[in-house]
Asks: 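My questions will all concern the structure given below.
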Amino acid sequence: MTGAEGDAGGDGRPAHDVDLWHHGDREVGDGLVDLAVNVRVAQPPEWLLAELRDSLSAVAAYPDVGGATEAIAARHGRSPDDVLPTAGGAEAFTLLARAWPVCRPAVVHPQFTEPEAALLAAGHDVIRVELPESGGFALETDLVPADADLVFVGNPTNPTSVLHPASAIRALARPGRLVVVDEAFLDAVPGEPESLAPERIPGVAVVRSLTKTWGIAGLRAGYVLAEPAIVDRLRGLQPPWSVSTPAAVAMTACSRPDAVAEAEALAREAEADRHRLVSRLRELGVEVAGTPRAPFVLVRVPGGEKIRLALREAGYAVRRADTFPGLGPDWLRIAVRSDMDGFLDALATLL
């Protein structure tokens, strides 16, 4: 467990030991097969594109998220008072970081770096809780300081692909503490096991994203599920109309029962693809971290940085993982795709 803090760097962001603002989209480039970004599909399905096109006729009016709020609430069996639509998960993390100006926040790493980046930008000193690789990066609740009153944890976690038991996350909740669970990839796990989204749990907020399953990263569509008092606090900080009309339409459409069923089918396909990928990687002698459950895997290869650059030369972009606290340059994250044969052949040649 380590603390992380720093003065502002030359770009106005807090100085840091790793680039918390580095994301997979910076790895991709013309002519490269994208295995660096965890968006599962190249573009939204046609039925969603049709609804998005139709929504453009209403963009002269200010956005109204009422329908999206109702649809999200129905999708998770929650009250509309428990729902706050946001411009993607990133806005949710920014709001959460600003809503508690005086707190002792902890971020469970390795995980998506935006929560820590948002906390640093809001002026917080951040406690890093780094899960040991010896335990497969599984959540160890006793590592979280008892006095941490704002705790962020991913489930399943990016980049480790580990799915933590819901009971372990529940154990983090206590009076005077808010536990924020990033479930951005939970709809990509068949059956959505270990999700806390359907329950109103005191002191627990769930952040969800529609980006990954539906291929709408450019649309910025996400939401927070929490107690009404927490939702109201976040809404009070949210810029007016931050969620656009097309994003609200996407939230409504992707929350309908038929869309949820389609997401489940996509999750099962991704699971089968991941099983094949993990099996081939292990045949090549590649170390795969933990027990992957999300549509990406974390691997460690000797000389990982050289391998990553050589893969680029061979036409494949994978995500460097040394920008995730707790990981080093030999770690790489690989997105799961349906056809991985060419990539695996290139990796085998390099190894």
Asks: Are the side chains of D187 and E192 in contact, using a 4.5 Å heavy-atom criterion?
Replies: yes
Asks: Run the salt bridge (Lys or Arg N to Asp or Glu O under 4.0 Å) test on D82 and R200 for me, step by step, so that the C-alpha distance in whole Å, both residues' side-chain angles and the decisive distance to 0.1 Å come before the verdict.
Replies: CA-CA 8 Å; D82 294 355; R200 180 190 288 178; 2.7 Å; yes
Asks: If we ignore angles and hydrogens, is there a donor and acceptor under 3.5 Å between the side chains of S195 and R208?
Replies: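 There is such a pair (donor and acceptor under 3.5 Å, judged by atom type) between the side chains of S195 and R208.
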Asks: Given the rule in the salt bridge (Lys or Arg N to Asp or Glu O under 4.0 Å) test, do E194 and R293 qualify, once you have shown the distances and angles that lead to the verdict?
Replies: CA-CA 12 Å; E194 315 303 339; R293 298 294 300 277; over 6 Å; no
Asks: Using the ring of each side chain (for Trp, its six-membered ring), is W47 parallel, tilted or perpendicular to W214, with breaks at 30° and 60°?
Replies: perpendicular
Asks: Under 3.5 Å, is there a donor-acceptor pair between the E269 and S338 side chains?
Replies: no
Asks: Should L119 and V107 count as side-chain neighbours, where that means a heavy-atom distance under 4.5 Å?
Replies: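 Touching, per the 4.5 Å side-chain cut-off.
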Asks: Any cation-pi pair here, R233 with W100, using under 6.0 Å and within 45°?
Replies: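 Ring-cation test returns yes.
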Asks: I'd like to check E287 versus L281 (side-chain heavy atoms, cut-off strictly below 4.5 Å). Are they in contact?
Replies: no
Asks: Salt-bridge test for E313 and K306: reply yes if a basic N is under 4.0 Å from a carboxylate O, no otherwise.
Replies: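 K306 and E313: not salt-bridged.
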Asks: Determine whether D345 and R280 make a side-chain contact, defined as any pair of heavy atoms from C-beta on separated by less than 4.5 Å.
Replies: yes
Asks: Is there a donor-acceptor contact under 3.5 Å linking the side chains of H109 and E116?
Replies: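 The answer is yes; a qualifying pair exists.
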Asks: Quick one: does any side-chain atom of H164 pair with a main-chain N or O of L139 as donor and acceptor, under 3.5 Å?
Replies: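 Confirmed, H164 side chain pairs with L139 backbone.
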Asks: For the residue pair F93 and F112, does the interplanar ring angle fall in the parallel (under 30°), tilted (30 to 60°) or perpendicular (over 60°) class?
Replies: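 Tilted.
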Asks: With no hydrogens and no angle check, is any side-chain donor or acceptor of R333 less than 3.5 Å from a backbone partner on A36?
Replies: yes
Asks: I'd like to know if the side chain of T69 and the backbone of V65 have a donor-acceptor N/O pair within less than 3.5 Å.
Replies: yes
Asks: Would you kindly confirm whether V249 and L219 end up in one hydrophobic cluster when ILVMFWY residues are joined by side chain heavy atoms under 4.5 Å apart?
Replies: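 No, V249 and L219 fall in different hydrophobic clusters.
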Asks: Side chains of L120 and H124: does their closest heavy-atom pair fall under 4.5 Å?
Replies: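 Sidechains of H124 and L120: no contact.
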Asks: Would you mind reporting whether D182 and V180 have side-chain heavy atoms less than 4.5 Å apart?
Replies: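 The answer is no; the side chains never approach within 4.5 Å.
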Asks: Strictly distance-based, threshold 3.5 Å: is any side-chain N or O of E264 a donor or acceptor partner for the main-chain N or O of G191?
Replies: yes
Asks: Decide, yes or no, whether a salt bridge links R78 with E227 under the criterion of side-chain N to carboxylate O below 4.0 Å.
Replies: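 No, R78 and E227 are not salt-bridged.
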Asks: Please walk me through it: do R104 and D125 pass salt bridge (Lys or Arg N to Asp or Glu O under 4.0 Å)?
Replies: CA-CA 7 Å; R104 183 168 163 76; D125 292 338; over 6 Å; no
Asks: Does any non-hydrogen side-chain atom of L163 lie less than 4.5 Å from one of T291?
Replies: no
Asks: Are R256 and E262 ion-paired here, with the side-chain N under 4.0 Å from a carboxylate O?
Replies: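 Looking at E262 together with R256, the answer is no, because their closest N to O distance does not fall below 4.0 Å.
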Asks: Given S242 and E91, is the side-chain hydrogen bond (donor to acceptor under 3.5 Å, both in side chains) satisfied, shown in steps?
Replies: CA-CA 9 Å; S242 69; E91 185 192 30; 3.0 Å; yes
Asks: Do T323 and R319 have a side chain donor and acceptor closer than 3.5 Å?
Replies: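 A donor-acceptor contact under 3.5 Å links the two side chains.
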